[in-house]
J.: 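Sharing a structure with you now.
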Amino acid sequence: MTIKDIQERLFSLQDIKYRGFQSKLIPTVAADAFIGVRTPDLRALAKEIPKQGDIKSFLGALPHEYFDEYQLHAFIISEINDFDECIACLQQFLPYIDNWATCDQLSPKVFKKHHGELLGHIKIWLASDKTYTVRFAVGMLMQHFLDEDFDMRYPETVAAIRSDEYYINMVIAWYFATALAKQYSAVLPYIEENRLDTWTHNKAIQKAVESRRITPEQKDHLKGLKRK
């Protein structure tokens, strides 16, 4: 399918009301860049298009014209089952991501089986000067390394990040809130010892307290650790 074919397909799935809703949620993207395709339709299209021929022209057509093309791109990458091919596509795509939604919905399934190889790439992404590349890297640490592959090196790495970017600090808070839900005893000292900047510290506590995975006793303790 050509890029024009894909755009026509996206417009055939357009939901005008959803477009207005989306544009309000994602302020870093111009309102006229939204087509208004719902996520389930984009996911279905991401599985369908690669079966219809070579999609390299679409994946290489960066920057895209529409937000929905970025979303489709992210979902296509997420379905790639060859690790090296997936990484190559990511390296090309990540610098062009300009919003939290595309960043957070980019979640390659193949990463589940390649944790060892993935860590080296995460380290490189964390050193990027691109906001959403860093956010993606923290998101991958949160998604893949807070369970059986958890290691104290990972929260240490995230806690050391300092940024003025809202969307980076928000994902750091999200990381620590999730870490508190999954590795409470190990991660709690980062909060008790004020290892994060004040805004991120308080946001992490707020998100943790909102979690159903945190016990009432743990929530009471965390509330007492808020900073002014």
Side-chain angles (χ1 to χ4, degrees), residues 25-28 74 87 90-91 93-95 97-108 111-112 114-228:
L25 287 178
I26 307 169
T28 59
I87 289 293
L90 272 173
Q91 302 290 47
F93 184 53
L94 283 172
I97 296 177
D98 61 358
N99 69 89
W100 65 265
T102 301
C103 180
D104 294 357
Q105 290 182 312
L106 177 60
S107 180
F111 283 1
K112 294 178 182 178
H114 294 271
H115 281 185
E117 298 158 271
L118 176 59
L119 279 170
H121 294 287
I122 288 176
K123 183 177 180 180
I124 293 170
W125 295 331
L126 286 170
S128 173
D129 62 353
K130 301 290 187 180
T131 295
Y132 296 100
T133 300
V134 175
R135 183 179 172 97
F136 177 72
V138 176
M140 291 301 97
L141 282 175
M142 178 169 60
Q143 183 174 337
H144 294 284
F145 298 95
L146 283 178
D147 295 300
E148 62 270 13
D149 286 344
F150 176 73
D151 188 289
M152 288 302 297
R153 290 175 297 169
Y154 309 143
E156 187 72 22
T157 296
V158 177
I161 298 171
R162 288 293 180 270
S163 176
D164 294 327
E165 293 288 343
Y166 171 84
Y167 289 102
I168 290 178
N169 290 328
M170 181 59 84
V171 80
I172 294 171
W174 184 13
Y175 173 89
F176 276 96
T178 306
L180 285 165
K182 293 188 172 187
Q183 303 286 346
Y184 183 80
S185 297
V187 174
L188 181 61
Y190 287 87
I191 305 300
E192 292 180 325
E193 297 170 8
N194 297 323
R195 299 283 301 278
L196 308 176
D197 68 77
T198 300
W199 186 92
T200 307
H201 171 99
N202 288 337
K203 183 61 69 172
I205 290 174
Q206 176 190 327
K207 294 177 76 67
V209 168
E210 292 170 354
S211 173
R212 295 180 180 179
R213 294 178 291 180
I214 302 289
T215 69
E217 292 77 16
Q218 291 169 341
K219 290 180 180 181
D220 286 341
H221 181 60
L222 289 169
K223 289 177 184 177
L225 296 174
K226 283 190 176 181
R227 285 151 54 187
K228 296 182 179 180

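It should be emphasised that the depicted structure is a prediction, and the values quoted were computed from it without experimental measurement.
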J.: Once rounded to the nearest 0.5 Å, what's the spacing between atom NZ of Lys226 and atom CD of Gln206?
T.: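 Interatomic distance, Lys226 NZ to Gln206 CD, rounded to 0.5 Å: 6.0 Å.
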J.: Which atoms form the tightest heavy-atom contact between Asp197 and Thr200, and what is the distance?
T.: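 Answer, listing the atom of Asp197 first, then Thr200: OD2-OG1, 2.8 Å.
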J.: Is there a side-chain contact between Leu90 and Trp125 (heavy atoms, below 4.5 Å)?
T.: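 Heavy-atom side-chain distance check passes, below 4.5 Å.
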J.: Treating Arg153 as the side-chain partner and Phe150 as the backbone partner, does any N or O pair qualify as donor plus acceptor under 3.5 Å?
T.: no
J.: Once side chain to side chain contact (heavy atoms under 4.5 Å, CB included) is applied, do any residues pair with Thr178, and if so which ones, sequence neighbours excluded?
T.: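 Thr178 satisfies side chain to side chain contact (heavy atoms under 4.5 Å, CB included) with Met142, Leu146, Trp174, Lys182, Arg213 once adjacent residues are dropped.
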J.: Supply the atom-to-atom distance Ser163 OG to Met170 CE, rounded to the nearest 0.5 angstrom.
T.: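 Answer for the OG-CE pair, Ser163 versus Met170, is 13.0 Å.
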J.: Taking atom CG as the centre, does Asp220 end up with more than 12 heavy-atom neighbours from other residues, nucleotides or ligands that are less than 6.0 angstrom away?
T.: yes
J.: I'd like a table of donor-acceptor pairs (distance under 3.5 Å, sequence neighbours excluded) in which one partner is a side-chain atom from residues 130-141, with atom names and distances.
T.:
from	atom 1	to	atom 2	distance (Å)
Arg135	NE	Asp104	OD1	2.9
Arg135	NH1	Tyr167	O	2.6
Arg135	NH2	Asp104	OD2	2.7

J.: Any heavy-atom pair between the side chains of Val187 and Phe176 that's under 4.5 Å?
T.: yes
J.: So, do Leu119 and Tyr154 sit near enough that their side-chain heavy atoms are less than 4.5 Å apart?
T.: yes
J.: Mind checking whether Gln91 and Ile87 have side chains closer than 4.5 Å, heavy atoms only?
T.: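 Yes. Closest side-chain heavy atoms under 4.5 Å.
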J.: Is there a side-chain contact between Leu106 and Phe93 in this structure, where contact means two heavy atoms from C-beta onward sitting under 4.5 Å apart?
T.: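 Sidechains of Phe93 and Leu106: in contact.
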J.: What residues form a side chain to side chain contact (heavy atoms under 4.5 Å, CB included) with Lys112, not counting sequence neighbours?
T.: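 For Lys112 the side chain to side chain contact (heavy atoms under 4.5 Å, CB included) partners, ignoring immediate neighbours, are His144.
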J.: Look at the side chain of Asp98 and the backbone N and O of Thr28, then say whether any donor-acceptor pair between them is shorter than 3.5 Å.
T.: no
J.: Decide side-chain contact (heavy atoms from CB on, under 4.5 Å) for Leu196 and Asn202; before the verdict, give the C-alpha distance in whole Å, the side-chain angles of both, and the deciding distance to 0.1 Å.
T.: CA-CA 9 Å; Leu196 308 176; Asn202 288 337; over 6 Å; no
J.: For residues Tyr166 and Trp199, establish whether the separation of their ring centroids is below 6.0 Å.
T.: yes
J.: Start with the C-alpha gap between Ile26 and Thr102, add the side-chain angles, then the distance that decides, and say whether side-chain contact (heavy atoms from CB on, under 4.5 Å) holds.
T.: CA-CA 10 Å; Ile26 307 169; Thr102 301; over 6 Å; no
J.: Taking the side chain as every heavy atom from C-beta outward, state whether His221 and Tyr184 have any pair of such atoms under 4.5 Å apart.
T.: yes
J.: What is the minimum heavy-atom distance between Leu25 and Trp100, and which atoms define it?
T.: O-NE1, 3.2 Å
J.: May I ask you to test the Tyr190-His201 pair for a side-chain heavy-atom distance under 4.5 Å?
T.: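 A side-chain contact is absent here, since even the closest heavy-atom pair is not under 4.5 Å.
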J.: Considering non-hydrogen atoms only, spot the tightest contact between Lys228 and Thr198 and give its length.
T.: O-CG2, 4.1 Å
J.: Quick one, Leu180 and Ile205 - any side-chain contact, counting heavy atoms below 4.5 Å?
T.: no
J.: Could you tell me which non-hydrogen atom of Ala208 sits nearest to which non-hydrogen atom of Leu222, and how far apart they are?
T.: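 Where Ala208 meets Leu222 most closely, the heavy atoms are CB-CD1, 3.9 Å.
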J.: Just how far is it from atom CD1 of Ile172 to atom CD1 of Ile161, taken to the nearest 0.5 Å?
T.: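 One finds 4.5 Å between CD1 of Ile172 and CD1 of Ile161.
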J.: Look up atom NE2 in His115 and atom CD in Glu148, then write down how far apart they are to the nearest 0.5 Å.
T.: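 Nearest 0.5 Å value for the NE2-CD distance: 7.0 Å.
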J.: What pair of heavy atoms forms the shortest contact from Ala177 to Lys207, and how long is it?
T.: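 That closest heavy-atom pairing would be CB-CB, 3.6 Å.
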J.: For the CD1 atom of Ile124 and the CG atom of Leu94, what is their distance to the nearest 0.5 Å?
T.: 11.5 Å
J.: Go through the steps to decide whether Lys203 and Asn169 satisfy the test side-chain contact (heavy atoms from CB on, under 4.5 Å), and finish with yes or no.
T.: CA-CA 9 Å; Lys203 183 61 69 172; Asn169 290 328; over 6 Å; no
